[in-house]
**Q** 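I'd like to ask some things about the structure below.
In what follows, chains carry the letters A, B, and so on, assigned in the order in which the sequence lines appear, proteins first and then strands, with residues in each chain numbered from 1. These numbers come from the heavy atoms of this one structure, side chains and all, not from hydrogens, waters or symmetry mates.
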Amino acid sequence: MAGSTLNFNTNHIVNQYGWAWVGLAIPSAGARITLHTDGTPESVANPSAKHLGHTSEGWNFAATPEVERLSVDEQIAPVKVTAVNMNAFIEGNLVQITDLSNVQQYLVQGFGSYSTAAGYQQITLGIIAVTYTAAALIWPLEDDATKFAVFNLYKTINESGLAGQVRRRALGNQPVRLTGNAISSRAAADSVGNYWKQIA
Amino acid sequence: MADPKDRSKNPNTDSEFARGLEAQVKAGKLGVDPKTGERGNITVRELYNQTGDMKEAERIFRDVARAGGFGDVDPRYEGGLDIGSAARESEHRKGLADKAFDRFERDQHLQESQHFDNLNNAIQEVLKKEGVK
C-alpha cells in the first residue's frame, strides 16, 4: 500500500514584516475585511483605518483558549475539554511614540482623550468611556508577495496603555497589546476575529 | 474670542486636522466609492451628518448592524461597519462553488452564498427604508 504525503512546505513560513492597523470597519459575520490590492485596508470600506507605524521587533499575534478539563471517576484521563476563555491579541513595540494624531490617540481607550489646535496635539489623561477598535495584522505571503495573510480582531483594547522611553543610545519604544473581545449577538463562531489568507 | 468666521485666527478651524475633516464632511464622501457612488462603510457620524439627529443615527446604525449580522457594535465606534462585505462574500462563495471538488462542497458554498446574499439584501433594505445615501 502507498504511504502518505509529507507536508514540508517552505512557502508557508513567515519571514517578512507586517503592518498593524486599527480603526478598521467590522465585517459581517463570516465575511472578511476588505483589502486593496496592495494589502492595505481598502479606504472606502475602511475610511478610518490607521496604520500603527514602525516597531522595534515586529509583531506577535495569538488566540489561545483557556481550557477546563472535565474528569469522571471511571477514567484516568479527562473525558472532555471545554474552552472557557480565549486570550486573543496582537502585540508589539511601537517606535513612533510621539505620533499622537495618527497612532497614540487610538491606543488610549478608556483613559485618554486626544485634542489638537494651533500649535499642539495632546492627549489628556483621566476616566472616559471605553471605545474598542477593530485591529488587524497584515503581512505578505512567502510564495506570493501580492497576496496577504490577515489576523483580524473585531473588538480590541490596548491593555498596555501609554508608555514610552526617551533615550539617546537606543530607540524609545512603547509596548502595545491589543487584546480581543467578543462582540455579543454576533454569530458565536465568529465573535472575536478571524485569521485568513488570500489564495489564487 | 476670535470671530468663528475669521478662520485665520480661530484655532477650531485653522488647523490641519480641522481642514482635513471639514473637507471630508463637505464632500460627504466618507465611506462612499467615488467612482460608483456605492456606500461601503457606515458610521453613526455619517448617519448624523445625514439626519441631524443622534438618536435616529444610533437607531439606524443598530438596525443595520442587526440586519447584516455584525453583532452588537458600539455606536460610538468610528471605524464603522463594512457594509459591502456581505455582498462580496456572496460572490466569493459562488466562485468557490464553481471550483468545488464534489456536489457536497458545491452545495455548501451555494448555501453560504445565499446566506450572505440575504444579509446584503437585509442591509440594503434598511438603508433604503431610512433614506441613507
**Q** How about A/Arg32 and B/Ser85: does a side-chain donor come under 3.5 Å of a side-chain acceptor?
**A** no
**Q** How about A/Gln104 and A/Gln96: does a side-chain donor come under 3.5 Å of a side-chain acceptor?
**A** no
**Q** Is it the case that A/Gln165 and A/Asn173 place a side-chain donor and acceptor less than 3.5 Å from each other?
**A** yes
**Q** Just so I understand: if I count every heavy-atom pair under 4.5 Å between each of A/Ser43, A/Gly23, A/Ala31 and chain B, which residue has the most?
**A** A/Ala31
**Q** Before accepting this row, confirm whether a basic side-chain N of the pair B/Glu91/B/Lys94 lies closer than 4.0 Å to the acidic partner's carboxylate O.
**A** yes
**Q** Would you say A/Phe111 has more than 12 foreign heavy atoms packed within less than 6.0 Å of its CZ?
**A** yes
**Q** Are any of the side-chain nitrogens in B/Glu89 or B/Arg93 under 4.0 Å away from the carboxylate oxygens of its partner?
**A** yes
**Q** When only heavy atoms count and the cut-off is under 4.5 Å, which of residues 130-163 of chain A reach chain B?
**A** A/Val130, A/Thr131, A/Tyr132, A/Thr133, A/Ala134
**Q** Sort A/Ala182 into side chain, backbone, both or neither according to what part of it lies under 4.5 angstrom from a heavy atom of chain B.
**A** neither
**Q** Anything in residues 52-62 of chain A with a heavy-atom distance to chain B below 4.5 Å? Please list those residues in order.
**A** none
**Q** Salt-bridge test for B/Arg106 and B/Asp102: reply yes if a basic N is under 4.0 Å from a carboxylate O, no otherwise.
**A** no
**Q** Please determine if B/Asp63 and B/Arg59 form a salt bridge, counting it only when a charged side-chain N lies under 4.0 Å from a carboxylate O.
**A** yes
**Q** Check each atom of A/Ser28 against the heavy atoms of chain B and say whether the ones under 4.5 Å are side chain, backbone, both or neither.
**A** both
**Q** Is it the case that more than 12 heavy atoms not belonging to A/Leu70 sit under 6.0 Å from its CG atom?
**A** yes
**Q** Just by distance, no angles: are the side chains of B/Glu46 and B/Asn49 close enough, under 3.5 Å, to form a donor-acceptor pair?
**A** yes
**Q** Is it true that atom CD1 of A/Ile199 has more than 12 heavy atoms of other residues, nucleotides or ligands lying nearer than 6.0 Å?
**A** no
**Q** Which bit of B/Phe116 comes within less than 4.5 Å of chain A, counting heavy atoms only: side chain, backbone, both or neither?
**A** side chain
**Q** What I want to check is whether the side chains of B/Asn118 and B/Gln114 have a donor and an acceptor closer together than 3.5 Å.
**A** yes
**Q** So for B/Arg76, is it side chain, backbone, both, or neither that comes closer than 4.5 Å to the heavy atoms of chain A?
**A** both
